[in-house]
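Take a look at the structure below.
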Amino acid sequence: MALTFALRNADTADIDTPLLGVLLPTGSELPTDLRALDERLGGALTRALTRGDFRGARDETLHFDGAASGAGRVLLVGLGTPTEPSASLRRGASLLARQAHKMGVGTAAVVAPGTDGEAIESIAVGLSMGAWEYIDLKTPPPEAERKKPLARVTIVAEDSRAAKDSLARGEAIAAGYDVARRLAQMPGNLCTPDLLAKTATDIGRRHRLKVTVLGRREMERQKMGSFLCVAQGTPQDPKLVTMEYRKGKRGAAPIVLVGKGLCFDTGGISIKPADRMEFMKFDMCGAAGVLGAMEAIARLRLKVNVIGMFGATTNMPSGIAVKPGDVVISHLGKSIEIINTDAEGRLVLADLLSYARRFKPAAVIDAATLTGACVIALGHTATGVLGTDQPLIDEVLSAAKKAAEPGWQLPLWDDYKELIKSDVADIKNTGGRAGGTITAAMFLREFAEEYPWVHLDIAGTAYSEADLVAIPRGPTGVPTGTFVEFVRGRAG
Ligand code: BES
Ligand code: MN
Ligand code: ZN
């Protein structure tokens, strides 16, 4: 259930709430807005700050009994030394919502002293991120044992037009993240190519976007031999979905967002080991990010032309599945030798990138849980960023930073091309273990012609197997925010 928000312009000492969260950066003195609250608490806040019991470090929290004020509890949450205020506010607010959720308070209030109206957007996004859960498939516990999920939050701020707009933007972005994370967390038997396509048509209907869905037959007609060879082992109909949002200048070249949508990746004939294979339900997070971003972009009513595009299928071994050594002809016409059927994402993306040319894009950004090598290189902290156009790469990196989804660039030099040369075809689909993220991107580059292009390898950042401080384990919503910030940066 989505969080609901209210804005309230009142003294923090008088807010009647079971939990008041206070977001503070490193080294704060007691903000003037908290003086009355501090007095009611007998100077406890001042003492905590001057003694250094609370320094405002990132993810630091300190809990007070607030009964002497209107609040049942007061929770200080540290923001660190923000270099990117939107990112640190999102993280702090998310941590606050997680704590509130654990306490079972149902409602809470939050204040970020010294911030402007812009902060409200980030706080709303962060709170929604922290409160998110996927409980559809669990039997609810008996009433007596049930904790109240966090449902309503009051943001203590001036209730102006600008504040309301900022909150609405936060809610729009939060709704986008909800779409992406929900789809990602759904198991592979429920989140099918059909469901992803249906989600796209549903978003399209609500926001009046033109949505086109190609199935196996249509893709055969388009000669998408690369995408189709991945779908060869499954009876499910693969889907190539395009969503057209055109609220920018008439005829202006669109931004094209592309997502890998493997509803499950067994590896195919080059089958994966059983251990932790269940996480391969997350192999559609690129597509989920496209859907989430389109939802958010439409809600934000950004004045810009954007095409969302994804390829959805399931990589399965079977008697008719593609085999190592097979050669297929891609939509662009280049022949590909399949060395490893588990390098399927790049095969799907190759045909999408080639198909994208028809939109005459101003820029194409793809996102894919593409390589285990990216997890080894950058861990779960940074998305791998590679591309053909340095200004575009820089623009994407700064959008990612704003969205608290940091990226890190890896090189895409011609030297690596040797590694994907084939003896029998134009190119082969794997380049060995060394530089796995780069050779995967080198492969994609062969199909990203006629436009500036950036690739996001989100294998390490789209989901987490362990609890993160501000976000519970499971899907993170990456790259929804990066897409949204990039598009917003280009909007008129
Ligand atoms: N979906 C996987 C990549 C992946 C691995 C995502 C771990 C998330 C976590 C991709 O399709 C894959 O299997 N890649 C192979 C490529 C290899 C065969 C060249 C890999 O990374 O091992
Ligand atoms: Mn794979
Ligand atoms: Zn995969």
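All residue numbers refer to positions in the sequence shown, counting from 1. As the structure lists them, so they are numbered: ligands from 1, and atoms in each ligand from 1.
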Revision key, fill the gap. The Zn ion (ligand 3) -> Asp283, closest N, O or S atom is OD2

Review point. Does an N or O from Glu344, backbone or side chain, lie closer than 3.5 Å to an N or O of ligand 1?
Key: yes

Practice item. Determine, for Asp426 against Lys421, whether the closest basic-nitrogen to carboxylate-oxygen distance falls under 4.0 angstrom. Key: no

**Study point:** Atoms of ligand 1, numbered as shown, that sit under 4.0 Å from any heavy atom of Thr369
**Key:** 1 (N), 2 (C), 3 (C), 6 (C)

Review point. Hey, which atoms in ligand 1 end up nearer than 4.0 Å to a heavy atom of Ala459?
Key: 6 (C), 8 (C)

Revision key, fill the gap. For the Zn ion (ligand 3), the nearest N/O/S atom on Glu344 is atom OE2

Exercise for review: Answer yes if the side chains of Ser122 and Ser86 hold a donor-acceptor pair under 3.5 Å, and no otherwise.
Suggested key: no

Exercise for review: Provide, to 0.1 Å, the distance between atom 10 (C) of ligand 1 and the closest protein heavy atom, together with that atom's residue and name.
Suggested key: Leu370 O, 3.3 Å

Practice item. Just the protein N/O/S atoms under 2.8 Å from the Mn ion (ligand 2), please, no waters. Key: Asp265 OD2, Asp342 O, Asp342 OD1, Glu344 OE1

Check your understanding: With a cut-off of 4.0 Å, which atoms of ligand 1 are near a heavy atom of Lys260?
Key -> 1 (N), 10 (C), 11 (O)

Check your understanding: Is the Phe359 ring parallel, tilted or perpendicular to the Tyr355 ring (thresholds 30°, 60°)?
Key -> perpendicular

Check your understanding: What N, O or S atom of Asp265 is found closest to the Zn ion (ligand 3)?
Key -> OD2

Check your understanding: Can you tell me which residue and heavy atom of the protein come closest to atom 1 (N) of ligand 1, and the distance to 0.1 Å?
Key -> Asp283 OD1, 2.8 Å

Review point. Would Arg206 and Asp202 pass as an ion pair if we require N to O under 4.0 Å?
Key: yes

Check your understanding: For atom 22 (O) of ligand 1, what is the nearest protein heavy atom, given as residue, atom name and distance?
Key -> Gly372 N, 4.5 Å

**Study point:** Ion pair Glu220/Lys223, N-O distance below 4.0 Å
**Key:** no

Review point. Is Phe279 near ligand 1, meaning one of its heavy atoms is under 4.0 Å from it?
Key: no

Exercise for review: Please could you name the atoms of ligand 1 that Asn340 approaches to less than 4.0 Å, counting only its heavy atoms?
Suggested key: 18 (C)

Review point. Mind checking whether Thr371 has an N or O less than 3.5 Å away from an N or O of ligand 1?
Key: no

Review point. Any N/O/S atom, backbone or side chain, of Asp342 lying under 2.8 Å from the Zn ion (ligand 3)?
Key: no

Check your understanding: Does Lys334 pair with Glu446 as a salt bridge, N-O distance under 4.0 Å?
Key -> yes

Study note, to complete from the structure: the protein heavy atom lying closest to atom 15 (C) of ligand 1 turns out to be Asp342 O, 4.0 Å

Point to revise | Part of Arg276 with heavy atoms under 4.0 Å of ligand 1, whether side chain, backbone, both or neither | key: neither

Check your understanding: Relative to the heavy atoms of Tyr463, which atoms of ligand 1 are at a distance of less than 4.0 Å?
Key -> 8 (C), 9 (C)

Exercise for review: Using only heavy-atom distances, determine whether the side chains of Gln185 and Glu133 contain a donor-acceptor pair under 3.5 Å.
Suggested key: no

Review point. Just checking, any donor-acceptor pair under 3.5 angstrom between side chains of His207 and Glu295?
Key: yes

Exercise for review: Check for a donor-acceptor pair, side chain of Asp366 on one end and backbone N or O of Gly259 on the other, with a separation under 3.5 Å.
Suggested key: no

Exercise for review: Could you tell me the separation between the CD1 atom of Ile438 and the OH atom of Tyr416, rounded to the nearest 0.5 Å?
Suggested key: 3.5 Å

Exercise for review: Answer yes or no: is there a donor N or O on one side and an acceptor on the other, between the side chain of Asn305 and the main chain of Gly248, under 3.5 Å?
Suggested key: yes

Exercise for review: Can you pull out the closest protein heavy atom to atom 19 (C) of ligand 1? Residue, atom name and distance to 0.1 Å, please.
Suggested key: Thr430 CG2, 3.6 Å

Study note, to complete from the structure: Of all protein heavy atoms, the one nearest atom 2 (C) of ligand 1 is Asp265 OD2, 3.6 Å

Exercise for review: Could you check whether the rings of Phe279 and Tyr463 sit parallel, tilted or perpendicular, using 30° and 60° as the cut-offs?
Suggested key: parallel

**Study point:** SB check Lys239 Asp237 (cutoff 4.0 Å)
**Key:** yes

Check your understanding: To the nearest 0.5 Å, what is the distance between CZ (Arg346) and CG (Asn429)?
Key -> 6.0 Å

**Study point:** Protein heavy atom at shortest distance from atom 7 (C) of ligand 1
**Key:** Met280 CE, 3.8 Å

Exercise for review: Could you check atom 16 (C) of ligand 1 against the protein and tell me its nearest heavy-atom contact, residue, atom and distance included?
Suggested key: Arg346 NH2, 3.7 Å

**Study point:** Non-neighbouring partners of Asp283 that pass side-chain contact (heavy atoms from CB on, under 4.5 Å), sequence neighbours left out
**Key:** Lys260, Leu262, Asp265, Met280, Glu344, Thr369

Exercise for review: Record the part of Phe264 in heavy-atom contact with ligand 1 below 4.0 Å; permitted values are side chain, backbone, both and neither.
Suggested key: neither

Practice item. Check each of Glu84, Glu485, Glu405 against Arg90 using the salt bridge (charged side-chain N to carboxylate O under 4.0 Å, His left out) test, and report the only one that passes. Key: Glu485

Review point. So is Arg433 close enough to ligand 1, meaning a heavy atom under 4.0 angstrom away?
Key: no

Review point. Taking both backbone and side chain into account, is any N, O or S atom of Lys260 nearer than 2.8 Å to the Zn ion (ligand 3)?
Key: yes

Check your understanding: Any luck finding a side-chain donor-acceptor pair between Thr234 and Thr314 under 3.5 Å?
Key -> no

Exercise for review: For the pair Glu118 and Arg169, find out whether any cationic side-chain nitrogen is under 4.0 Å from an anionic carboxylate oxygen.
Suggested key: yes

